[in-house]
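Proteins get letters first, then strands, A, B, ... in listed order; numbering begins at 1 in each.
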There are 2 protein chains.
Amino acid sequence: MEILDKPLWNELEKSIHEPARLAIVTRLCAEKAGLGFQDLKSECGLTDGNLSRHLKVLEEASIIHLDKVGKGRKSHTCVKLTPDGREAFLRYLYSLEKVLHGALDALEINSHDLPSALPLAVS
Amino acid sequence: MEILDKPLWNELEKSIHEPARLAIVTRLCAEKAGLGFQDLKSECGLTDGNLSRHLKVLEEASIIHLDKVGKGRKSHTCVKLTPDGREAFLRYLYSLEKVLHGALDALEINSHDLPSALPLAVS
DNA sequence: TGTTGTAACTTTGTATCACAAAGGAATCAA
DNA sequence: TTGATTCCTTTGTGATACAAAGTTACAACA
């Protein structure tokens, strides 16, 4: 269980943990063929500049690969998860699950009961 | 289902989402009586200054309450989750669970199989 | 053939944030 | 009483998120 030696929270890969990037990676992991910049932008509800910046971070972390075809008006950037990226994402999700269950244990509720434990119960 | 109108990621309360603060809040939610600064510090693996700063953020978000008794060397700060904080944390966990399951769905694995899907299977 | 428009990003500027080093503040030990 | 110790806070710095402005190339029209 060496994964628990370090505090669990340090396992949460920062490059993925940021909400916008979590959205990006989640969306990408379902698309083996990759996704265009514009599609990703609208599906994740991000601005151009914002998406651009986040993609740069993810690319520098070798989590995604950018394939830019053409230039100027006709350019098209295809964003794809790398094998390493997918692996990192799996690890991230595993850590996330442990964090989540740790919290639910501490609260002594099981995930099944979570919605009803909320103040304004969600339909 | 108004909670799904906004992109799911925006539901991840920033003041809680940061890993160190997630650690703090998770640790606190199990302690109705609250926890001392020093205990929290060592259990979350944070430095003095760092914990101080994070507690300030959480206090400003009304997620925790700080009870400082005494001054100087003998002072003792007791950190407690507020009712609102507990509520916010539950909502956060609910969102987190949705994010997690959304990702697992996209990957077409169920959470049970997650450990074995990892590159270096965790014992 | 310019020149205006537009699509698809990138870069830049600003405001916020995380972190740890340095700084109180009160007490204790010699 | 002065130097060490405990328990935090503040400050300084480097990183980050965001959107406004910029860039590049093509397209359509006069």
Please determine whether side-chain contact (heavy atoms from CB on, under 4.5 Å) holds for the pair B/Y94 and B/V99, giving the CA-CA distance in whole Å, both sets of side-chain angles, and the decisive distance to 0.1 Å. CA-CA 9 Å; B/Y94 183 60; B/V99 167; over 6 Å; no

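- At distances below 3.5 Å, at least one donor-acceptor pair connects side-chain atoms of B/T26 with backbone N or O atoms of B/L22.
- You won't find any donor-acceptor pair under 3.5 Å spanning the side chain of B/R73 and the base of D/dT6, going by distance alone.
- Side-chain atoms of B/H76 do not come within 3.5 Å of backbone N or O of B/K71 as any donor-acceptor pair.
- Between A/E87 and A/R91, at least one side-chain nitrogen of the basic residue sits less than 4.0 Å from a carboxylate oxygen of the acidic one, meeting the salt-bridge criterion.
- Separating the NZ atom of A/K71 from the P atom of D/dT23 is a distance of 15 Å, rounded to the nearest angstrom.
- Using a 4.0 Å cut-off, no side-chain N or O of A/S75 falls inside it from OP1 or OP2 of C/dA8.
- Residue side chain B/D48 does not reach the base of D/dC7 through any donor-acceptor N/O pair under 3.5 Å, judged by distance alone.
- Contact annotation: B/N50 does not reach the phosphate of C/dA18 (side-chain N/O to OP1 or OP2, under 4.0 Å).
- Among B/L81, B/V79, B/T82, B/V25, the single residue meeting the side-chain contact (heavy atoms from CB on, under 4.5 Å) criterion with B/L58 is B/V25.
- In this structure, B/T47 does not reach the C/dC19 phosphate: none of its side-chain N or O atoms is under 4.0 Å from OP1 or OP2.
- Looking at A/E31, its side chain never comes within 3.5 Å of a backbone N or O of A/A33 through a donor-acceptor pair.
- Comparing B/G49 and A/R21 by the nucleotide of DNA chain D whose heavy atom lies nearest to each, the residue mapping closer to the 5' end is B/G49.
- Note on B/T77: a side-chain N or O is less than 4.0 Å away from OP1 or OP2 of D/dC8.
- Of the possible polar contacts, none joining the B/E13 side chain to the B/I16 backbone as a donor-acceptor pair under 3.5 Å is found.
- Atom pair A/K74:NZ and C/dA7:C1' shows a separation of 11 Å (rounding to whole Å applied).
- An angle of 30°, rounded to 10°, separates the two end axes of the helix from C/dT1-D/dA30 to C/dA30-D/dT1, each defined over five pairs.
- Rounded to an integer number of Å, the gap from A/E59 CD to C/dT11 P is 11 Å.
- Not one side-chain nitrogen or oxygen of A/H54 sits closer than 4.0 Å to the OP1 or OP2 atom of D/dT16.
- Separating the CD atom of B/E18 from the P atom of D/dA17 is a distance of 12 Å, rounded to the nearest angstrom.
- Atom NZ of A/K56 and atom P of D/dA17 are 13 Å apart (whole Å).
- The distance between atom NZ of A/K68 and atom P of D/dA25, rounded to the nearest whole Å, is 9 Å.
- One atom, CG of B/N10, and another, C1' of D/dC18, lie 13 Å apart when rounded to the nearest Å.
- Considering only the side chain of A/H76, C/dC9 comes nearest among C/dC19, D/dC18, C/dC9.
- The CG atom of B/D67 sits 12 Å away from the P atom of D/dC8 (whole-angstrom rounding).
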